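Side-chain atoms are counted along with the backbone in the values below, which use heavy atoms only and exclude waters and symmetry mates. Small disclaimer: the values here were computed from a predicted structure and weren't measured. Naming convention: chains lettered A, B, ... in sequence-line order (proteins, then strands); numbering from 1 in each chain.
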Protein chains: 2
Amino acid sequence: MTEDVRSAAAPTLEDVARAAGVSRATVSRVVNGVRNVDPAIQEAVRQAVAATGYTPNRAARSLVTRRADAIALVVSGAAADDAMEEAGPSPSGRENGAGEGQGRDDGGGVDDEDGETDGGSVSFTARVSADPFFGRVVTGVVNHLRPRGMYPMLMFAGTARARDEVVSYIRQGNTDGALVVSAHAEDPLPSLLTEAGLSAVLYGRPTRPVRISYVDLAQRDGARLAAERLLERGCRRIVTITGPLEAPVGQDRLTGFRETLARRGRPDAPAVEGRFSQESGEVAMARLLAEHPDLDGVFAANDLMAVGACHVLREHGRRVPEDVAVIGFDDNGVAAACRPPLTTVRQPVEEMAGAMVDLLLERLARPSLPVTSVIYEPTLVVRDSA
Amino acid sequence: MTEDVRSAAAPTLEDVARAAGVSRATVSRVVNGVRNVDPAIQEAVRQAVAATGYTPNRAARSLVTRRADAIALVVSGAAADDAMEEAGPSPSGRENGAGEGQGRDDGGGVDDEDGETDGGSVSFTARVSADPFFGRVVTGVVNHLRPRGMYPMLMFAGTARARDEVVSYIRQGNTDGALVVSAHAEDPLPSLLTEAGLSAVLYGRPTRPVRISYVDLAQRDGARLAAERLLERGCRRIVTITGPLEAPVGQDRLTGFRETLARRGRPDAPAVEGRFSQESGEVAMARLLAEHPDLDGVFAANDLMAVGACHVLREHGRRVPEDVAVIGFDDNGVAAACRPPLTTVRQPVEEMAGAMVDLLLERLARPSLPVTSVIYEPTLVVRDSA
DNA sequence: TTGAAAGCGCTAACAT
DNA sequence: ATGTTAGCGCTTTCAA
C-alpha cells in the first residue's frame, strides 16, 4: 500500500503544500480536520499527504498548541512519609521491607539512584510486580490507547521524591494529563494533581473526596456476591481477611460483606486485616484458624491473599473446599492457577482501565466537562474453592 | 527553598536572560552545560533560573535538536503471523488462546480496537500480565530512568499491526530509541528496528544474530547451577521442563542443563517442552510423571512452570522435596510464595533492565559507539524445594 | 474558502 | 566568551 519514496529528511507541511499546490495553512486544516475546506482540495491534499508519506512533527505541533499529546500512567503508592522521613508509623500495618537505605543520596544528584536501593521504593516496587492487578491496569491502558496512536509514559511514584518529580514533570506540560492507580490509601498524589489544575483520572475512589474523576467497581456488591455464595454453600462459621482498612477498597469490601451476613442474621463475622499480599493473607489465615478453629468459609479481599489462605489451610490439614470454602476477589491469573482453582469476584480491570483512558481523553478534549465517575459491576466467577 | 512567584505562563529563556542581564544564548549554554561560559555569569544565570523557576520547554528544544528526549519500552511478542495471517502453525507448541477474533477490524479505523478482542493479542496480553518477569523488567527500567528525569513510553507489540505502528511511531522520531523485551522467539521487531537505523537494546540475545545491543544472563551457567544442585542432593532420575525451544533462552537452559548432566555421566535427561506458563508446566509435569514414574528431580526453565510442576507432583502424591526435588529459574515473587518455597536460579532482572537503559542512553549520546552486549551471572537461591 | 505572515521557545551557526 | 540571528515545523490570527 505504501510504495512511495521516503528520502532522508521527513516531509514537512511545506512539502505537502507544494505537492498539492496549496498553502501550508490549507494542508494543516485538512490534516487537523478543520471545516471550511473545499472537498476537491481536501482530496488533493490527502493524496499529497499519502504521496509524500507525511506525518506531523509532534514537537512543532506541541510548541504552538501547548499540548504534549501524551499522557502519564502513574502507579502511585507511598503515603506522605518515606525516603527522608521514614520515622512515623502509618495508621495500620506497615509493609515489611520498607525503610532500608533511606536518606541516601539526598544531594539531588541526578545520578545512580536506583529503585532497588531507593528508600521506601523496595517494597512498593516489589508489591507492584507481585500483584498482577497492576499489570492488568497497565495492559488495559496501553491496549486501549494504542488504537488512538498514543502510548502512556509510565511513572512510579513510590517515594515523596519520586512523586514530586512526577508532579512537576506533568506540570511542566510534558504530558496533558495523568491516569493514576494507587497502591496505597492516603496517597497525596490525586490532591496534588488537582490542586495544580491538572487533568487526572483515578482507578478507585479517592480516600478523601477530592474533585477528580475516577473509575471504580461496586465493591460492596462484589463482597455481597462472595457472602451470598458462602451462605448458599451452607457455611456456618464465616470469616474474612480484609484489605488495608485505611483504603476505600478495604473498607468497602469489608462492610459489603458484613452487611450481607448481618442481613442474614450473622453479624460480627470475624475479620483480620491483611495488606493484599499473599504473605499477609497467610498470616491472617493462620490467626483466624487459631482463633476460630471451627471456621468453614473464608472471604479474602483479593486473590493473592486467598491463595495465601489456601496454603495455610492445607498446611493445617483443612481441605478446600470440602472443609473450608474460600473466595477471593479480582479474578487475576493467580485465581485460576491456584490449587484448587479459586472461586472469586471478578473485577474487569482491563475494561475499567480503558474507561479511565476515555474519561481522560474526553476531559482533555473538552476541559469544561464535569468531573465524572464510572462504576462497574462485579461478577462472581465460580471455580472449585467455593 | 522555592519561594518565588510563579505566574500563569511558564518562564522562557527570554525571561531568564532578562533577569540575569545576559542573552538567551548564554542562558541556553549554561542550562545545557556547554563550556566557555564565565563562572560569574554562570552563577548569575543559575540564580536567575532558580528565581524564575525556569524549565526548558521540551517541544521547543526537540524541534531544533531533532531529538525527542524520550525512549520507548516495548514488550514485544507475536511472530510474523498473527491478526491477519494466523494460518501457519509455528515450529513448536502454540499458545492455546491465540487466534480468536482474527481478521477483525481490518479497515484501519482508528477507533475502538481493544486489546481484549484484538486478534492474537489476547494470549500475549494475558501472558504478559501473568508472568511477573515482564513486570520486573518494566519496573527495572522505570526505576533506573527516573533519576535521569525520564519516563519510558510503554508499548505492546503483540500483533503485526501493533508492531508496525510501534515501528513507525519510533521512526517518526517520537522516541530516540527503544528498549525491547520479547515474549516470543522469531520476533521480527529487533530486525525491523535496526533496519530502520533506530537505536535499540534488547533483553536477551536475539534469535538470529542481528547487529543490536543486548543484555542477557549467562543462561547455561544458570542451568548448570540447577543441575549441580540436583546432583548434589543425590537425585538419580532427573528430568527437565524446558522453555520454548525456538527461543534462545529455551535452548540455552536446556543445553546448559544437559551438558552438566552429561559431564557427570548422565546423558539424555528426559525433557518436555513447556511455554513458560504455569499451565504448560503442569501439562509437562504430568507427562513426565507418566513416562518416568521414578523421577526424583525436576528442573523447570522458569518459576511459573516450576510452580505448575509442584502442583501436579503433589496431586500425584509426591512430596516436594522429599520425593522429588524441584528447581525453577528466575526467582520471581512466585518462587518465594510457592509451597514449598522454590529453590531457583536467580536472574537479576531489575539490574539487567537498568543495564539496558545505560546501554541505550550511551548509544544515544554517542551513536558511533559499537554494538555491545552485557552478560550477567546467575546465582542459585536455595529454598525448600531442592 | 484560502493564503500570508507571525511566532511558539529553543539551539546553533556566525559575528564579535 | 558573549551576543545576534536565523530558523526548526507547525497552528492561527488576519486579510483577501
Summary of protein contacts for nucleotides 7-16 of chain D, nucleotide by nucleotide, where a base hit scores B, a sugar-phosphate-only hit scores S (4.0 Å, heavy atoms): -BBBBBB---
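Between B/Thr12 and B/Asn57 the shortest side-chain heavy-atom distance does not fall below 4.5 Å.
Ion pair A/Arg67/A/Asp176 not flagged as a salt bridge, since none of the NZ, NE, NH1 or NH2 atoms sits closer than 4.0 Å to an Asp/Glu carboxylate oxygen. No salt bridge links B/Glu362 with B/Arg366; every basic N to acidic carboxylate O contact stays at or beyond 4.0 Å.
The line from CE of B/Met153 to OG1 of A/Thr175 is 9.5 Å long, rounded to the nearest 0.5 Å.
Distance, A/Asn36 CG to C/dT1 C1': 7 Å, rounded to whole Å.
The distance between the ring centers of A/Tyr214 and A/Tyr203 does not fall below 6.0 angstrom.
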